[in-house]
Amino acid sequence: MTLPRVRFAPSPTGMLHVGNARTALYNWLFARRLGGQFILRIEDTDLERSETRYEGQLIEDLRWLGLDWDEGPGVLGEPDKGVVGPYRQSERLDIYARHTEQLLAEGKAYRCFCTPEELEAERALAIADHLPQVYSGHCRNLSHAAIDHNLVAGKPFAVRLRIGTDSLRFHDIVRGSVDFPAETISDPILVRSASSVSAGVPVYNYVVTVDDALMGITHVIRGDDHISNTPKQVAIYQAFGWPVPEFAHLSTILGSDRERLSKRHGATSISTFRQMGYLPEALANYLGLLGWGAEDGKSETFTLEQLAKVFSLERVTPSPAIFDFDKLNWLNRHYLKLADPERIAKLAERQFTRHRPDIFPLWASDELHTAEMQVFLASQDPPIQLNSLSKELIDQRKAWFASLLALFLPKVDHLDQLPAKSAAIFGFDVEAARVEPENAAVLAVDSARTVLSELASRVRAHSGHVTPEIFKLWLNEIKDATGIKGKELFHPARIALTGFHSGPEFEKVLPLIEDGATLGLGIPTVRERIERFVGV
RNA sequence: GGCGCUAUCGUCUAGGGGUUAGGACGUGAGAUUCUCAAUCUUAAAACCCGGGUUCGAUUCCCGGUAGCGCUACCA
C-alpha cells in the first residue's frame with residue numbers, strides 16, 4: 001500500500017481561523033500517524049481577496065501550533081519544498097489551461113455561450129417549480145457550425161464539464177457513503193467566461209481537483225462545507241480518468257449560540273490566541289479533542305507527538321462541535337503548570353510589557369528583541385529603551401519575577417490576565433480599593449477601623465523600614481491587644497497592603513513587595529502602602 | 001424552494017439491541033486556608049420526537065422536527 005499524501009489548502013484571505021487550524025492539524029496528524037506526507041498549498045486564485053501578507057502569517061501560525069510540512073511554500077526566502085509544485089495556485093494557471101484544452105479536445109468539456117441572465121432565468125423557473133436548480137444543457141450539443149458562429153461573433157463563453165447521467169457517490173471516512181441523485185447535479189462550470197470579472201480563470205472546484213490529482217493526494221481531509229462540492233469534483237476525476245481519493249469531511253466549529261464560530265464569539269484566529277497568552281500545546285490539544293475522542297474514552301491531555309501516535313480519522317465525530325473556551329482554559333492552565341518556568345517567564349514578560357509599559361521590561365530579554373516588540377516599544381510615549389542593566393540586577397529581577405509568577409500564575413487562564421491579576425503588587429490604588437464594594441463592606445465594620453488605626457499608630461511610631469517580619473509582628477500584636485483575629489484581622493490588613501481583601505498569603509506577598517520595591521520597579525514599600533492607605 | 005450533512009448531561013465526548021449510559025470541562029457541596037487561586041473529595045446533570053423491526057430499543061430502519069452547509073462564471 002502506498003503511503004498517504006494529504007494537504008492543507010487555505011486561501012490567504014485573512015487570519016488562520018481555529019476551524020481551518022483544526023483541519024490542518026487533522027491532516028498533519030493523519031500523515032504523521034501513517035508516515036505519509038503533509039503538503040501545504042496556497043489557494044490564491046481569488047485574486048481580489050488574496051493577500052500575500054496573509055501567506056506569511058499563515059505559515060507563522062501553523063509553525064507556532066507545532067505543525068510542519070513536507071512539501072509546499074517554505075519560510076521567507078526559501079524555495080518551495082517538493083517536486084509537484086508550484087504550490088501556489090496563482091502560479092499554476094498554465095497547468096489548468098492545458099487540462100482544459102485536453103478536455104475540450106476530447107469532447108469531455110464544451111463551451112457554454114449562455115448569458116448570466118439566461119441562467120438566472122432558468123434558476124428562477126426551477127425554484128418556482130420546486131425543482132432542483134440544474135443547468136438545462138442548452139449548449140451541451142451545439143453543432144460545430146453554431147459554435148464557430150458564436151466564436152466568430154466574439155460571444156463570451158464558459159467551459160463546462162459534460163457529466164454522465166449516473167448518480168454520483170463518494171465514500172467519506174467520517175460519514176460513510178454519501179450519494180447525490182443524478183437529477184440534482186448538472187454540467188459544472190470549469191472556466192469562467194470573458195464576460196465575468198475574472199475572465200478565463202478556472203473555478204475553485206476545478207483547480208482543487210486538478211491540483212489534488214497532480215499532487216498525488218490520496219486523502220482529502222477538509223471542512224464539511226465542501227460535501228456538496230464533492231460530486232462535481234468526483235466527476236472531474238472521472239473525466240480525466242484519475243483515481244478518486246478518499247474523502248473525510250470534518251464538521252463545522254460553532255459558537256455557544258450554535259452559529260458558525262465568528263469574531264463575535266471572542267477570539268477565533270490563531271494569532272489572537274497567541275497574543276492572549278495561550279500556549280500552542282494547549283490550543284493544539286484542545287483542537288485535537290474537538291471532534292475526536294481517544295479510544296479509551298477517557299484520555300484528554302495529549303502532546304502533538306502523543307496525538308500523532310493514536311489519531312485516526314475513523315474516530316472523528318461527524319456532528320458539529322461548539323467551541324468551549326472554558327475547556328480550552330482548563331487545558332491552558334494544565335500546560336502552564338507543566339511548562340518550563342523560564343519559557344513562561346519570557347512569555348509573561350511580554351504580556352507585562354504590553355500592559356504595563358510604565359514598569360516593564362524588567363530586563364532586556366531576547367524575547368523583547370523581536371521586530372514586533374521593537375515596534376511596540378518604540379511606539380510608546382515616551383518610547384521605551386531596552387536599558388542595559390548590570391548582570392547582578394538582571395538576575396535579581398529575574399528571581400523576583402519568578403516568585404511573582406509562582407504566586408499569580410495559578411490564578412490565570414492565559415498569560416495576558418497576569419498584569420491585572422497581579423495588581424496587588426503593581427496596581428496599588430487607594431481610591432479604587434476603598435470604593436470597591438466588597439472592600440467597602442469589609443472596611444465598614446468597627447473591627448476593621450480598629451485594625452487600621454492600630455496599624456497607623458504603629459507605622460507612626462516606627463521610624464525605619466517595615467520588614468515582613470515587623471509587619472507580621474504587628475499583626476500578632478494587634479490580635480493580642482484587640483482580640484480581633486481571623487478574617488476580621490486579615491482582610492482589612494490586606495486591603496491596606498494590597499488594595500484587595502483576598503489574595504495570596506502575607507508570608508508570600510510581603511517579601512515580594514519588599515524585594516520588588518528595592519529593585520527599582522516603582523513598587524511602593526510596605527510602609528508607603530500603609531501610610532497612603534491610612535493617610536498618615 | 002431543491003439537495004446534502006448532523007442529533008447522548010449546559011459543553012466536548014465514550015458506548016452500544018438487555019449497561020447503575022462511562023470520562024472530561026463547567027456548575028453545586030465539602031475538606032484545606034484569614035481570604036482568593038490551586039489541590040483533594042463529592043453531588044446534580046443526557047440518549048430530539050413519532051412510527052416500525054424485535055421478547056426487548058437510547059443503539060437498527062423509516063418519517064418528522066431542529067441546527068448547519070451547499071444551492072455562484074466565491075474559495
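Just so you know, these numbers use all the heavy atoms, side chains as well, and skip hydrogens, waters and symmetry mates. Convention: sequence-line order gives letters A, B, ...; per-chain numbering from 1. As the structure is a prediction and not an experimental result, all values here were calculated from the model.
Each of A/Ser502 and A/Ala126 was assigned the nucleotide of RNA chain B with the nearest heavy atom; the assignment lying further toward the 5' end belongs to A/Ala126.
When rounded to the nearest whole Å, the span between NE2 of A/His491 and P of B/U35 equals 7 Å. When rounded to the nearest whole Å, the span between NE2 of A/His226 and P of B/C3 equals 23 Å.
Closest to the side chain of A/Arg315, from the set B/G67, B/A14, B/A38, is B/A14. If you check B/G1, B/C12, B/U39 against the side chain of A/Ile322, the one that comes closest is B/C12. Nearest nucleotide to the side chain of A/Ala321, out of B/C68, B/A75, B/C12: B/C12. Between B/A75, B/U35, B/C3, one nucleotide has an atom nearer to the side chain of A/Thr184 than all others, and that is B/C3. Nearest nucleotide to the side chain of A/Pro116, out of B/A37, B/C3, B/C73: B/C73.
Checking A/Ile478, A/Ile530, A/Val534 one by one against A/Leu452, the side chain to side chain contact (heavy atoms under 4.5 Å, CB included) holds for a single residue, A/Val534.
In this structure, A/Leu407 reaches neither bases nor backbone, as no heavy-atom distance under 4.0 Å exists between it and the strands shown. A/Gly291 comes within contact range of the sugar-phosphate backbone alone, with a heavy-atom separation under 4.0 Å but no base atom that close. Within 4.0 Å of A/Arg222, counting heavy atoms only, lies no atom of the nucleic acid at all. When heavy atoms are screened at a 4.0 angstrom cut-off, A/His130 is found touching the sugar-phosphate backbone but no base atom. Within the nucleic acid shown, A/Phe408 has no heavy atom closer than 4.0 Å to any nucleic acid atom.
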- Give the C-alpha distance, both sets of side-chain angles, the deciding distance and a yes or no for side chain to side chain contact (heavy atoms under 4.5 Å, CB included) between A/Arg222 and A/Tyr26. CA-CA 9 Å; A/Arg222 64 199 343 176; A/Tyr26 283 19; over 6 Å; no

- ring pair (Phe, Tyr, Trp, His ring centres under 6.0 Å) evaluation trace for A/Phe352 with A/Phe426: CA-CA 10 Å; A/Phe352 274 106; A/Phe426 294 115; 5.4 Å; yes

I'd like a table of atom pairs between the protein and nucleotides 43-45 of chain B - only N or O on both sides, under 3.5 Å - with the distance next to each one.
none

Within the sub-3.5 Å range, which N or O atoms of nucleotides 4-9 of chain B have a protein N or O partner, and how far apart are they?
| unit_1 | atom_1 | unit_2 | atom_2 | d |
| --- | --- | --- | --- | --- |
| B/C5 | O2' | A/Arg175 | NH1 | 2.3 |

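Between A/Lys337 and B/U39, a side-chain N or O to OP1/OP2 separation shorter than 4.0 Å is present. The side chain of A/Gln133 contributes an N or O atom lying less than 4.0 Å from OP1 or OP2 of B/A72.
The 12-atom threshold is exceeded at CZ of A/Arg264, counting heavy atoms of other residues, nucleotides or ligands nearer than 6.0 Å.
You'll find a donor-acceptor pair under 3.5 Å spanning the side chain of A/Arg494 and the base of B/C34, going by distance alone.
Taking the side chain as every heavy atom from C-beta outward, A/Ile221 and A/Glu246 never approach each other to under 4.5 Å.
In this structure, A/Tyr335 has its ring center no closer than 6.0 Å to that of A/Tyr278.
A/Asn285 places a side-chain N or O within donor-acceptor distance of the main-chain N or O of A/Glu300, the cut-off being under 3.5 Å.
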- With the sugar-phosphate defined as primed atoms, P, OP1 and OP2, and the base as all remaining atoms, what B/S/- string results for nucleotides 20-28 of chain B, 5' to 3', for protein heavy atoms under 4.0 Å? --BBBBS--

